[in-house]
Each structure stands twice: as structure tokens, then as C-alpha cells.
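Here the structure is a predicted model, which is why all the values come from computation and not from measurement.
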Amino acid sequence: MLYYIKAGGPILYVLLILSVVSLGVILERSLCFIKNKTSVDSMFKKEIKELLIEGKYNEAIEFSKKEKGVIGKTLTKFLIRYCLIGDYKNSDELLREIELEEMDILEKNTYILGIIAYTAPMIGLLGTVTGMIQAFGKIAVTGTGDPNAIAGGISQALLTTAGGLIIAIPSIIAYNIFNKKIEKMSLEVEKIATFIVNIVKR
């Protein structure tokens, strides 16, 4: 392993740092999404519907607090402002405002994966170019008779290319999975909030 790191040159050290950052973000975001459910079950909808129809807004708010994670927090804030405070300016606008506040928790650090996913191959390509420059520089000095003279440059070129791709592929996969989960959770919040608004407006 140490041999490959040394052979890869300074560019590979940069890629190693990026790989550690990427792994850290993936683990941290995975834990965040495990704690936050992406949907609510039918029993939750049934219970909160009955409470709202009966006008038991305080009980509905307390019940929504039991729903852990971003969805629960978003609905709780929405119920407090819409049902108790009477913030009727625009239910869609109000929901969007609260949703943006809460969704920020899920989106935190996700952009880092996007940056790494797109820059790692470019950094790997930079290592490829510098490795080939090094190899051709030695060819210019020693000629083509000694393959060992150019092996180091070619080795660096191949290792950095591989390193960039190895980092980028899981980063892209994780980035897209996390964004899909955020999108799904956002849609679920909008659906349940619309469901609540329709009940309250009756």
C-alpha cells in the first residue's frame, strides 16, 4: 500500500485526503438519514385526521411531536403556526418556508460529495498528465532504451487516474442516493401538510 502511495506522487496524497473526507461525509449523512424517516405510516395520518376533525389542535401538535425526525418537526411547526397562531397568509408559502428551514438539516454537507465526485477525476487526470510529462522528460534524457527510467512516470499516471475514479464513483452514487431521499422526504412533507390543510379548511 505504501509503495503505491509513494509511486502515485503528491497528487495521490491529495486524492487520499479527498477519500477520507468523502467517506466521513457518507457515514455522517447515512446516520442522519437513518434517524430521519422518509415517510409516515397510515396510522399516523388516521390519528392526526381524527384529532384535527374534532378540533383538538393541541393534542394533534403533541401527537405530531412523537413522529421523530424532520417530517415530525416540520409538521409540528406547521400545525402550530397554521392551526394555533392562525398564520393563514398562504398554506403553500408557509409550508415551503418551514420545509426549507428543516430540510437544511438533511442537505447539510451533501454538496461536499458533489464537489468531490466531480473534482476527483479531474485531479486524477492532472496526476496522469504530470506523470506522462515526467515519463517523456526522462525519455528525452535517457532515450527509450531503459524502460525503468520511464516506469515511475507511467506508474504515477495510472495510479492517480485509478485513484480519482475510485473516489468519484462511490461519491456520485452516495450523492444521488442522498438527494433522492431528500426529494422523497420533501414530497412526503408536502403530501401530509396538504392533507392536514384540507382537513382544517373544512
Considering all heavy atoms, the nearest [X]-[Y] contact:
{"X": "I112", "Y": "V21", "result": "CG2-CG1, 4.0 Å"}
{"X": "I61", "Y": "L79", "result": "CG1-CB, 3.7 Å"}
{"X": "G164", "Y": "L15", "result": "N-CD1, 3.7 Å"}
{"X": "T119", "Y": "I115", "result": "OG1-O, 2.7 Å"}
{"X": "S30", "Y": "F178", "result": "OG-CZ, 3.7 Å"}

TODO: Measure the spacing between OG1 of T161 and CD1 of I123 and express it to the nearest 0.5 Å.
DONE: 12.5 Å
Open item on the list: Measuring from atom CZ of R29 to atom OG1 of T110, what distance do you get when rounded to the nearest 0.5 angstrom?
Closed with: 5.0 Å
- [ ] Using the test side-chain contact (heavy atoms from CB on, under 4.5 Å), find all partners of E59 that sit at least two apart in sequence or belong to another chain.
- [x] L51, K56
- [ ] Identify, with sequence neighbours excluded, every residue that meets side-chain contact (heavy atoms from CB on, under 4.5 Å) alongside S22.
- [x]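 So S22 forms a side-chain contact (heavy atoms from CB on, under 4.5 Å) with I26, L113, I116, S171.
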Between [X] and [Y], is there a shared hydrophobic cluster once you connect ILVMFWY residues whose side-chain heavy atoms come closer than 4.5 Å?
{"X": "I182", "Y": "L187", "value": "no"}
{"X": "I172", "Y": "I167", "value": "no"}
{"X": "L23", "Y": "L18", "value": "no"}
{"X": "L125", "Y": "L12", "value": "no"}

- [ ] Flag the pair L16 / V20 as yes when at least one side-chain heavy-atom distance between them is below 4.5 Å, and no otherwise.
- [x]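 No, their side chains stay 4.5 Å or more apart.
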